[in-house]
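Treat the numbers as computed from the prediction; the structure is a model and nothing was measured.
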Amino acid sequence: MATRIISPSSLTPPCAKPIDPVRPQDRTPSLLSFKPNKSNFSLCPLLLKSCRVRNIFPHRGLTHVAAVAADTEVAEDVEAKGGDGDAAAATAITPPKPKKGKAALPLKRDRTRSKRFLEIQKLRENKKEYDPKTAISLLKQMANARFVESMEAHFRLNIDPKYNDQQLRATVILPKGTGQTVKVAVLAQGEKVEEAKNAGADIVGGEDLIEQIKGGFMEFDKLIASPDMMVKVASLGRILGPRGLMPNPKAGTVTPNIAQAVEEFKKGKVEYRADKTGIVHIPFGKVDFPEEDLLANFLATVKSIEANKPKGAKGVYWKSAHTCTSMGPSIRLNLKEMLDYQLPVND
């Protein structure tokens, strides 16, 4: 089979100027060192494009010519920059900025528990469901922080609060109190002012109190208002709303019976609502409470959530229930035993 020898002149485009041969001493294996004569080297891009369409040149020949031209441009740029390339590369690599705030905290998978937490975690069994009485007894054993911890209940419900008929917001009166001192402020006028003072309200006022709140006064835990004051209280929405202090009829903080509302919040009335994931968080006492008192408060929260079940809730209402202390691990509760549990009757 005869071998066809293709001469370099056959690869030259018709409109391209003749290229002077490169001297042997300038030939190197690297394409970056290829230095053609700038005055004589020129390729017409339009001709190359038309050649590709008409298949005038073989595919390999065109690829080789384009590669040589591209490498030539790179080599010229490197020569023009000279030693500035290394300096630019050094300045381009800058150390990352240190993170601040929550971004500086380690990820959850990288965090390590304290020795105290790991020790008290051994008192419970993982993935085991407990009845309410046993769970509260274990929590009292686990509470060994340097302050009096709170007891908390967390209920996951089968609701979607983004729908109006599946929102849950209500109040519950803890029969044994919350263990906290609640400072109550009342917005009223006329005879309601005296009723609030006699019921034990810490702060009582009308328009003067509204002006103080607009000025930044926030030294209260609950704000109760009479219905006739709500027109004036509406201007405080942007201030009180984000803090959860805006009076609301569902929370029992807008009522004509001011005296009764003040007494209930003083004794241990707690407001709760489902968050956007359908979970309800309720504190129901302190660790130093007797077990019977904690159990009574806990069951009162369960009955209140069951009684205020949203109309749009479908299927199984209760999905899971956990209880824990402020600084301790949580304990999973058995839903059936929790809903059926009855307090012992004292003779």
With no hydrogens and no angle check, just 3.5 Å: does a side-chain donor-acceptor pair link Thr255 and Asn257?
no
Taken to the nearest 0.5 Å, the spacing of Leu123 CG from Ser137 OG works out to 10.5 Å
Taking every heavy atom of Ala196 against every heavy atom of Ile258, the minimum-distance pair comes out as CB-CG2, 3.7 Å
Note: Ala251 and Thr171 closest approach over all heavy atoms is O-CG2, 3.0 Å
query: Any side-chain heavy atom of Arg124 within less than 4.5 Å of one from Asn126?
result: yes
Within 45 degrees of the axis of the six-membered ring of Phe265 and under 6.0 Å from its centre: does Lys269 put its NZ or CZ there? yes
Nearest heavy-atom approach of Pro329 to Ile120 is CD-CD1, 3.6 Å
In terms of hydrophobic clusters joined by side-chain contacts under 4.5 Å, are Val182 and Val148 together? no
| task | Would you confirm whether Thr253, through its side chain, and Asn248, through its main-chain N or O, come within 3.5 Å as a donor-acceptor pair? | result | yes
Rounded to the nearest 0.5 angstrom, the OG-NZ distance for Ser235 and Lys214 is 3.5 Å
Check your understanding: More than 12 heavy atoms of other residues, nucleotides or ligands under 6.0 Å from CD of Glu207: is that the case?
Key -> no
- prompt: Does a sphere of radius 6.0 Å around OH in Tyr163 hold more than 12 heavy atoms from other residues, nucleotides or ligands, not counting ones at 6.0 Å or beyond?
  reply: no
Output for pair (Glu292 CD, Leu343 CG), nearest 0.5 Å, gives 9.5 Å
- Message: Any non-hydrogen side-chain atom of Met229 less than 4.5 Å from a side-chain atom of Lys192?
- Response: no
With side-chain contact (heavy atoms from CB on, under 4.5 Å) as the test, would you mind laying out the steps for Leu174 and Lys267 before giving the verdict? CA-CA 8 Å; Leu174 301 179; Lys267 289 180 180 179; over 6 Å; no
Lys/Arg-Asp/Glu bridge criterion (N-O < 4.0 Å) met for Asp202, Lys266: yes
Can you tell if the side chain of Val172 reaches within under 4.5 Å of the side chain of Lys303, non-hydrogen atoms only? no
- After noting the C-alpha distance and the side-chain angles of Lys314 and Gln166, does the key distance pass the side-chain contact (heavy atoms from CB on, under 4.5 Å) rule? CA-CA 9 Å; Lys314 300 178 182 179; Gln166 297 188 37; over 6 Å; no
- Please confirm whether the backbone N or O of Glu337 pairs with a side-chain atom of Asp131, one donor and one acceptor, at under 3.5 Å? no
One should read off an interatomic distance between Glu152 CD and Ser330 OG, to the nearest 0.5 angstrom, of 10.5 Å
Requested in this report: Check the angle between the aromatic planes of Phe298 and Phe155 and answer parallel, tilted or perpendicular using the 30° and 60° thresholds.
Outcome: tilted
Practice problem: Indicate if Tyr341 and Val302 have the same hydrophobic cluster label, given that clusters are the connected sets of ILVMFWY residues with side-chain heavy-atom separations under 4.5 angstrom. | Solution: yes
To the nearest 0.5 Å, atom NZ of Lys319 lies from atom CG of Asn158 at 5.0 Å
Less than 4.0 angstrom from a charged side-chain N to a carboxylate O is my criterion; do Lys309 and Glu306 meet it? no
What one should report as the nearest heavy-atom pair of Leu294 and Lys286 is CD2-O, 3.4 Å
Practice problem: Give a yes or no on whether Ile173 and Ile224 share a hydrophobic cluster (residues Ile, Leu, Val, Met, Phe, Trp, Tyr; joining criterion: side-chain heavy atoms under 4.5 Å apart). | Solution: no
Are Met151 and Val280 connected into the same hydrophobic cluster when the rule is that any two of I, L, V, M, F, W, Y join if their side-chain heavy atoms are below 4.5 Å apart? yes
Any side-chain to backbone donor/acceptor pair from Tyr130 onto Glu125? Under 3.5 Å, distance only. yes
Glu271 vs Arg169, test: salt bridge (charged side-chain N to carboxylate O under 4.0 Å, His left out). Steps then yes/no.
CA-CA 8 Å; Glu271 178 188 357; Arg169 181 176 183 179; 2.8 Å; yes
In this structure, CG of Leu236 is separated from CZ of Arg238 (nearest 0.5 Å) by 12.0 Å
Do Tyr272 and Thr301 have a side chain donor and acceptor closer than 3.5 Å? no
Scanning both residues in full, the closest heavy-atom pair of Leu240 with Leu223 reads CD1-CD2, 3.5 Å
- Query: Any donor-acceptor pair under 3.5 Å linking the side chain of Ser326 with the backbone of Ser150?
  - Reply: yes
query: Checking Glu149 side chain against Val287 main chain: does a donor-acceptor pair fall under 3.5 Å?
result: no
Looking only at heavy atoms, the pair that brings Met218 and Arg243 closest together is SD-CD, 4.0 Å
**Report entry** Ile331 vs Cys324 side-chain heavy atoms within contact, under 4.5 Å
**Finding:** no
I'd like to know if the side chain of Asp208 and the backbone of Gly206 have a donor-acceptor N/O pair within less than 3.5 Å. yes
May I ask whether Phe289 and Met327 are part of the same hydrophobic cluster, defined by side-chain heavy atoms of I, L, V, M, F, W, Y residues being less than 4.5 angstrom apart, directly or through others?
-> no
I'd like to know whether Phe220 forms a side-chain contact (heavy atoms from CB on, under 4.5 Å) with Ile213, so could you lay out the CA-CA distance, the side-chain angles of the two residues, the decisive distance to 0.1 Å, and finally the verdict.
CA-CA 10 Å; Phe220 50 87; Ile213 295 173; 4.1 Å; yes
Check your understanding: So Met338 and Asn334, side-chain contact (heavy atoms from CB on, under 4.5 Å) or not? Walk me through it.
Key -> CA-CA 6 Å; Met338 179 188 74; Asn334 186 291; over 6 Å; no
